[in-house]
Every structure is written in structure tokens, then in C-alpha cells.
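Heads up, the thing below is written out as C-alpha cells.
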Amino acid sequence: MSAPRALRALARPALSLRAPVTRASTPIAARAFSQSMVRKGGDSHHYDAPSGWLFGVKPGEEYKKEGWENATFYVFIPLMVLFVGVYAFKPDTSIQTWALEEARRRLEAEGILADPDVKKD
């Protein structure tokens, strides 16, 4: 039983003293540009074609709110403002800040660094 042609080609040395073998051109299998399948059916995604009117509302008609708008305006936006405010004013608990303060306290205790709270007259 002989090894498949591809394995024999791999086992062959890279540099060969033999003349190159010319073979008849073999057709290369065409490969699709995209391998994803096309999904069809179902109306799960709704698309409103552009109408040319601002927000799709014609002049004289009243805008009809959608279900997500009240939740966004009255819950999500205030929570984001609250989060930004809390994050901006949170205390600094990094190890670098602690180490700098601890070094300053120790240098003041040893008398190497002057105490910044004491006023000089």
C-alpha cells in the first residue's frame, strides 16, 4: 500500500537535483468568497425605508412614541448621569497614593521632611 501523493510530496526533500516535473494544468476548485449561509424566511427584522421626512413623521402628523423611549429617557439617562458623577468623585485607593502618603508620614516622623501643616512665622 503506497502513501498518498500529498504525503509523498511532503516527504520529498525541498531541494531536488532532478528537473522539475511539468504536469498538465489541473482545475482548481472554486472557493466561495463567504462561507456563511444565507438565511431566509421570517420577518424578525423590520426595516423602515427612508421616507424623506424627519424621523419618518410627515408634517401635520403627531409623533407616536415607541416602547423603548420612556425607559431610555426616564431610567437609563439619569442612571448614566449618576454613574458618571459617582465615578468622578470616588476616593483614590491606588497603591501608589497610599505609598506616597506613607513615605511622607515616615519622613516627617524622622524629621527629614518638614511638616506642611505647621506655619512658619
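Numbering of residues begins at 1 and proceeds along the displayed sequence.
The distance from the CD1 atom of Ile95 to the CD atom of Glu102 is 10.0 Å, given to the nearest 0.5 Å. Rounded to the nearest 0.5 angstrom, Phe76 CZ and Glu69 CD are separated by 14.5 Å. The distance from atom NZ of Lys65 to atom CG of Asn70, rounded to the nearest 0.5 Å, is 4.5 Å.
Using a cutoff of 4.0 Å between basic side-chain nitrogens and carboxylate oxygens, Arg105 and Glu108 are not scored as salt-bridged. In summary, Glu110 and Arg106 do not engage in a salt bridge, as defined by a charged side-chain N under 4.0 Å from a carboxylate O.
Atom OH of Tyr63 has more than 12 heavy atoms from other residues, nucleotides or ligands within 6.0 Å.
In this structure, Val75 and Pro78 approach most closely via the heavy-atom pair O-CD, 3.4 Å.
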